[in-house]
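Have a look at the structure below, then the notes.
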Number of protein chains: 2
Amino acid sequence: MFAAPKKGKEALLGDLAPIDRHSSLGESAYATLKDSLIRGAMQPGTKLTLRSVAQVLEVSTTPARDAITRLIGEGGLINAGPKTVIVPYLSLPDLDEITAIRLSLEGLAAEQATNHVTEAEIHELENLQERINRGLDEGRYTDVLDANKDFHFLIYRRSGMRRLVTIIESLWLRMGPAFNGLYPEFAQSRTGVSNHLWALRGLHDRDPAAVRGAIENDIRSGYRRLSSQLAAVGEQGGESRS
Amino acid sequence: MFAAPKKGKEALLGDLAPIDRHSSLGESAYATLKDSLIRGAMQPGTKLTLRSVAQVLEVSTTPARDAITRLIGEGGLINAGPKTVIVPYLSLPDLDEITAIRLSLEGLAAEQATNHVTEAEIHELENLQERINRGLDEGRYTDVLDANKDFHFLIYRRSGMRRLVTIIESLWLRMGPAFNGLYPEFAQSRTGVSNHLWALRGLHDRDPAAVRGAIENDIRSGYRRLSSQLAAVGEQGGESRS
DNA sequence: TTTTGAAATTTGATGCAACAAAAAAATTAG
DNA sequence: CTAATTTTTTTGTTGCATCAAATTTCAAAA
């Protein structure tokens, strides 16, 4: 059938080159699209066709197809019909589900990170928080959102759990488009600030439960604002068949 | 750039046809490969080439490529080199991470399911448990594993959280290959039985915490057996770069 | 104006060939 | 026999043509 596994020849060179091979048109097309989605650069309902994506990304249909297929697989795009791929709407039930999962997973990641994070990294987090505050003051809300994302993922990555981070990313991917059209109302809130400060303190004190609690509060407060705005915007919520 | 979203024309025919279009060579190639992986039909380290997969599945390289790409995306296969895709080994750290995530997510799913499951479904679960017991008695361990999987996922699906179930599936996908070569030792244990009974009782009593506890115990006891056997088998654990 | 239906267009799926990179095999040099 | 080097084969990537299905366009009929 398939090739049998080879004998594991041990690394004799001390694990010299961890060679990341993240280069291929398909890979970067995927990364680019994914980034657009997470950033909320694409409006829910936007229809993506193979050829239009290929054209925008300046590649042939093959890499474009790769990207779209993978994104559908993780729910970042959905099949809304026979030959129709769109950026998904986030319905309230969808938001509820994603929030529940986020609380579990980001809580876990935050907890785990507490024991691995270094002082230098905590300092880096403080810098990010500075950037958030400044962005809030100066009305640069895109910056706020970006820095907020960096803040969270810097913590999550310190969990040392790679797959966990990947899964969390796929959840943010699902939330991204919902922010579209919600600027700047959403980013204006300063409710997140105190949660971040609590998280920083917990990190510094090596108190996993405190960090988890802070992150959970942050997620919950985001949920409240987002769900009320979603309800206000109206009933455009589509099905979320994956 | 891309097409703007269309106005949502309401369904006038009472939501007649929820038409699921799960047909395409790429889709079924993916499903087939994924199933093999989950069932533990493929040995860790097995090398998959585009053309060999295409040949076995009797399709061209395009659908085979689709399937492989998607599976790599969710960690069911990994890139172990420039032109090498293999079924991943499960290292102890990997198992630790996956178990931690499973406890969070399957616990959540079990909890949620408690409020949605019907009496009929509980009865169905009891039948599955029968099948497990019978398989254990008669030494049909593949059957045991299959029924066990059905038991768990029947519960998880009742959570009503589709994406959650998908994520959990991707975790089982990662565990599957590790069972290969571990039959029948692994399936022989009856430690899972009492956990399942506790879960059933909790479901019947509508006690979410009890159901979660039972599922968590089940996962933990599986972890113990699997980790000790993994350690026994030796140091074949490969990197888990996704 | 609205409706209907047929023609033209666009779309995703699929297979395939060309290509460069990598791996494997064969050959030669020491 | 071993090691180095060349040749051959295999591999993933990419672009593209084809096809059937779905969508859109458009004009004729009501």
Side-chain angles (χ1 to χ4, degrees), chain A residues 1-9 12 16-17 19-33 45-73 76-87 241-242, chain B residues 1-9 12 16-33 45-73 77-87 241-242:
Chain A
M1 196 177 183
F2 298 113
K6 279 199 308 183
K7 241 344 175 1
K9 47 175 140 175
L12 300 177
L16 224 230
I19 331 166
D20 254 354
R21 27 184 44 282
H22 287 312
S23 55
S24 86
L25 294 184
E27 194 70 33
S28 49
Y30 165 74
T32 303
L33 255 190
T46 302
K47 184 175 173 182
L48 302 195
T49 65
L50 247 188
R51 288 164 176 85
S52 67
V53 171
Q55 191 175 14
V56 171
L57 265 39
E58 293 182 332
V59 294
S60 80
T61 57
T62 308
R65 182 183 163 71
D66 277 358
I68 293 176
T69 305
R70 290 177 62 179
L71 253 358
I72 290 177
L77 295 173
I78 64 169
N79 251 295
K83 292 189 175 184
T84 322
V85 174
I86 65 168
V87 177
R241 36 201 155 171
S242 58
Chain B
M1 197 175 181
F2 298 114
K6 278 199 309 186
K7 230 10 176 335
K9 49 175 137 177
L12 300 177
L16 227 232
I19 332 167
D20 253 355
R21 24 184 50 280
H22 285 310
S23 55
S24 86
L25 293 185
E27 195 71 31
S28 49
Y30 166 73
T32 304
L33 254 191
T46 302
K47 184 176 172 180
L48 303 195
T49 65
L50 246 190
R51 288 163 176 88
S52 67
V53 171
Q55 192 175 15
V56 171
L57 265 40
E58 292 181 334
V59 294
S60 79
T61 57
T62 307
R65 180 185 166 72
D66 277 357
I68 292 176
T69 304
R70 288 178 62 180
L71 253 358
I72 291 177
L77 294 174
I78 62 169
N79 251 297
K83 291 190 173 184
T84 322
V85 173
I86 65 169
V87 177
R241 35 199 155 174
S242 58

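Since the structure is predicted, the reported quantities are computational estimates derived from the model, not experimental observations. To find a chain, count down the sequence lines: A is the first, B the second, and so on, and within it residues start at 1.
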Query raised in the report: Which nucleotide, D:dT23, C:dG12, D:dT11, lies nearest any side-chain atom of A:P82?
Result: D:dT23

Requested in this report: Whole angstrom is fine here: how far is it from CD in B:E27 over to C1' in C:dT14?
Outcome: 15 Å

Report summary line: Here the side-chain hydrogen bond (donor to acceptor under 3.5 Å, both in side chains) pairs for residues 55-65 of chain A, sequence neighbours left out, are A:R65-B:D66

Report task. Give the rounded distance in Å between these two atoms: CZ of B:R51 and P of C:dG15. Result -> 14 Å

Query raised in the report: How close or far is atom P of C:dG12 from atom CG of A:L71, stated in whole angstroms?
Result: 15 Å

Requested in this report: Round to the nearest Å and state the distance from B:I78 atom CD1 to D:dG12 atom C1'.
Outcome: 17 Å

Query raised in the report: Under the criterion side-chain contact (heavy atoms from CB on, under 4.5 Å), which of B:L77, B:I78, B:T46, B:N79 is the partner of B:I86?
Result: B:I78

**Report entry** Atom pair distance, as rounded to whole Å: CG in A:L57 and P in D:dT14
**Finding:** 12 Å

Requested in this report: Indicate the atoms forming the closest heavy-atom contact of B:A64 with B:V59, along with that distance.
Outcome: N-CG2, 4.2 Å

Requested in this report: Could you check which residues of residues 59-68 of chain A get a heavy atom under 4.0 Å from DNA chain D? Sort them by number, please.
Outcome: A:S60, A:T61, A:T62, A:P63

Report summary line: Closest non-hydrogen contact found for B:A29 with B:A67 is C-CB, 3.8 Å

Query raised in the report: Do any N or O atoms from the side chain of B:T32 and from the backbone of B:S28 form a donor-acceptor pair under 3.5 angstrom?
Result: yes

Query raised in the report: Between B:T84 and A:T84, who's closer to the 5' end of DNA chain C by nearest nucleotide?
Result: A:T84

Report summary line: In whole angstroms, the gap separating P of D:dC16 from CG of A:L50 amounts to 14 Å

Report summary line: B:E58 atom CD is separated from C:dG15 atom P, nearest whole Å, by 11 Å

Query - Worked check of side chain to side chain contact (heavy atoms under 4.5 Å, CB included) between B:L33 and B:V53 - result: CA-CA 9 Å; B:L33 254 191; B:V53 171; 4.2 Å; yes

Report task. Could you tell me whether A:L25 contacts a base, only the sugar-phosphate backbone, or nothing, with contacts defined as non-hydrogen atoms closer than 4.0 Å? Result -> sugar-phosphate

Query raised in the report: B:N79 CG to D:dT11 C1': how many Å, rounded?
Result: 12 Å

Requested in this report: Have a look at the helix from C:dT1-D:dA30 to C:dG30-D:dC1 and give the angle its two end axes make, five pairs each, rounded to 10 degrees.
Outcome: 10°

Requested in this report: May I ask you to verify whether the side chain of B:K83 and the base of C:dA21 hold a donor-acceptor pair under 3.5 Å?
Outcome: yes

Query raised in the report: Looking only at heavy atoms, which two atoms of A:L50 and A:I68 are closest? And how far apart?
Result: CA-CD1, 4.2 Å

**Report entry** Closest contact, heavy atoms only, B:K83 versus B:K47
**Finding:** O-CE, 4.2 Å

